[in-house]
Amino acid sequence: QLRLVESGGGLVQPGGSLRLSCTASGFTSSIFTLKDYSIGWFRQAPGKEREGVSCINNDGTSTNYTDSVKDRFTISRDNAKNTIYLQMNNLKPEDTAVYYCAARFGSLPFLRPAMYLYWGQGTEVTVSS
């Protein structure tokens with residue numbers, strides 16, 4: 001069973017940076033590895049629906065971002081370390097949310113939460129002065 005654990009959230013001032021990590025496990029008894037999964041980062045602010053932030057395909061050659069984070073956030077992955085990253089720069093108060101990573105089998109990443117089967121528990125990001 002694929003398991004995802006997010007880390008790196010916290011309180012940061014506007015204009016600051018954070019790097020979120022998503023560590024995957026559960027491959028021991030599987031013929032598949034993280035290289036077989038596309039990953040998405042999502043966020044959910046209080047009272048709002050979960051939205052796609054960024055996604056990356058299984059080998060890291062294709063990425064996508066929602067418009068509000070383009071040129072500020074960067075997604076990357078290190079399959080050898082079973083970890084996916086979300087570098088967040090120039091953070092704004094509207095970026096405040098719980099951030100989740102999610103995985104789907106295959107090479108096609110999406111920004112739609114419904115396309116993902118495996119989810120982490122989330123890490124909270126608060127941007128405030």
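For this chain, numbers begin at 1 and follow the sequence in order. Scope of the values below: all heavy atoms of this structure, side chains included, with no hydrogens, waters or symmetry mates.
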Would you give the length of the straight line joining atom [atom1] of [X] to atom [atom2] of [Y], rounded to the nearest 0.5 angstrom?
| X | Y | atom1 | atom2 | result |
| --- | --- | --- | --- | --- |
| I84 | S38 | CD1 | OG | 10.5 Å |
| D36 | I31 | CG | CD1 | 8.0 Å |
| L2 | T33 | CG | OG1 | 10.5 Å |

For a quick test of reading the model, state the closest non-hydrogen atom pair linking [X] to [Y] and the distance between them.
| X | Y | answer |
| --- | --- | --- |
| L86 | S54 | CD1-CB, 4.1 Å |
| S17 | N89 | OG-OD1, 3.0 Å |
| A103 | I39 | CB-CD1, 3.5 Å |
| L34 | A24 | CD1-CB, 3.8 Å |
| L20 | V125 | CD2-CG2, 4.1 Å |
| C22 | W41 | CB-CZ2, 3.6 Å |

Validation: residues 104-119 side-chain donor-acceptor distances under 3.5 Å, sequence neighbours left out:
residue, atom, partner, partner atom, Å
R104, NE, M115, O, 3.0
R104, NH1, L108, O, 2.6
Y116, OH, F110, N, 3.0
Y116, OH, F110, O, 2.6
W119, NE1, Y116, O, 3.2

Quick check against the 3.5 Å criterion: does [X] have a side-chain atom that pairs as donor or acceptor with the backbone of [Y]?
| X | Y | result |
| --- | --- | --- |
| E124 | V98 | no |
| Q87 | R19 | no |
| T96 | V127 | yes |

Checklist line | Candidate list N57, N58, T63, test side-chain contact (heavy atoms from CB on, under 4.5 Å), partner T61, passing option | finding: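 Exactly one pass, corresponding to N57.
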
Margin query: Surrounding CD of E49 (heavy atoms of other residues, nucleotides or ligands, distance under 6.0 Å), is the total greater than 12?
Written below: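 Open.
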
Next item on the list: Test the R43-Y99 pair against the cation-pi criterion, namely NZ or CZ under 6.0 angstrom from the six-membered ring centroid and within 45° of the ring axis.
Entry: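 Judged by the rule (NZ or CZ under 6.0 Å from the ring centre, within 45° of its axis), R43 is not positioned above Y99.
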
With a 4.5 Å cut-off on side-chain heavy atoms, are [Y] and [X] touching?
| X | Y | answer |
| --- | --- | --- |
| Y65 | D71 | no |
| P14 | P93 | yes |
| R72 | K92 | yes |

